[in-house]
Amino acid sequence: GVPRVCRVCHQTFDASSPPCQYHRGSWAGFEKGKLHGTASSDARLAGVPPIVYHWDCCGAERADDPGCATGPHVPCGRPR
């Protein structure tokens with residue numbers, strides 16, 4: 001078939017493509033102390049940035065980490 005773009009993972013896909021891989025949660029930032037259960041001034045957190053980002057669905061620490069969920073691709077222009 002004709003390649004299309006998935007509105008969930010933004011990848012081009014056709015009938016032979018592997019399933020859509022995406023994150024169910026959000027890319028979120030947390031104060032380092034709240035994330036680690038300590039005060040932000042705790043010496044053990046000295047090298048950690050003040051705001052720590054991760055996917056709140058799986059804990060992956062990079063915005064471009066592969067999705068933790070899979071499902072069918074959804075062509076752009078169709079409801080999810």
Side-chain angles (χ1 to χ4, degrees):
V2 176
R4 296 180 282 178
V5 175
C6 177
R7 66 172 271 217
V8 178
C9 69
H10 309 289
Q11 300 296 315
T12 302
F13 73 96
D14 63 21
S16 66
S17 297
C20 176
Q21 193 169 2
Y22 61 97
H23 288 281
R24 284 194 170 124
S26 300
W27 180 244
F30 298 90
E31 290 180 47
K32 65 183 177 182
K34 289 180 182 175
L35 181 67
H36 295 283
T38 61
S40 293
S41 60
D42 189 302
R44 293 174 290 172
L45 300 176
V48 179
I51 303 293
V52 178
Y53 290 89
H54 72 267
W55 286 102
D56 65 5
C57 49
C58 64
E61 296 179 347
R62 290 184 14 203
D64 62 351
D65 276 342
C68 58
T70 58
H73 289 285
V74 179
C76 287
R78 278 204 194 149
R80 188 170 180 182

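Starting from 1, each residue takes its place in the sequence as its number. Remember, it's a predicted structure, so these values are computed and weren't measured experimentally.
- When all heavy atoms are compared, the tightest approach of H10 to R7 is CE1-O, 3.5 Å.
- When all heavy atoms of I51 and G29 are compared, the pair lying nearest together is CG2-CA, 3.9 Å.
- For S16, the side chain to side chain donor-acceptor pair (under 3.5 Å) partners at least two apart in sequence or on another chain are D14.
- Across all non-hydrogen atoms, the minimal contact from E61 to H54 is CA-CB, 4.3 Å.
- With sequence neighbours excluded, the residues satisfying side chain to side chain contact (heavy atoms under 4.5 Å, CB included) with C58 are H23, W55, A60, C68.
- Under the side-chain hydrogen bond (donor to acceptor under 3.5 Å, both in side chains) criterion, no residue pair touches residues 65-76, with sequence neighbours excluded.
- At a threshold of 4.5 Å between side-chain heavy atoms, the hydrophobic network of Ile, Leu, Val, Met, Phe, Trp and Tyr places F13 and V74 in two separate groups.
- P75 and R4 make their closest contact through CG-NH1, 3.6 Å (heavy atoms, listed as atom of the first residue, atom of the second, distance).
- The minimum heavy-atom distance between P66 and Q21, with the atom names listed, is CB-NE2, 3.6 Å.
- Each salt bridge (charged side-chain N to carboxylate O under 4.0 Å, His left out) pair with one or both residues in residues 66-75, not counting sequence neighbours, would appear here, but there are none.
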Quiz item: What do the steps show when you test F30 against V52 for side-chain contact (heavy atoms from CB on, under 4.5 Å), and what is the final call?
Solution: CA-CA 5 Å; F30 298 90; V52 178; 5.5 Å; no
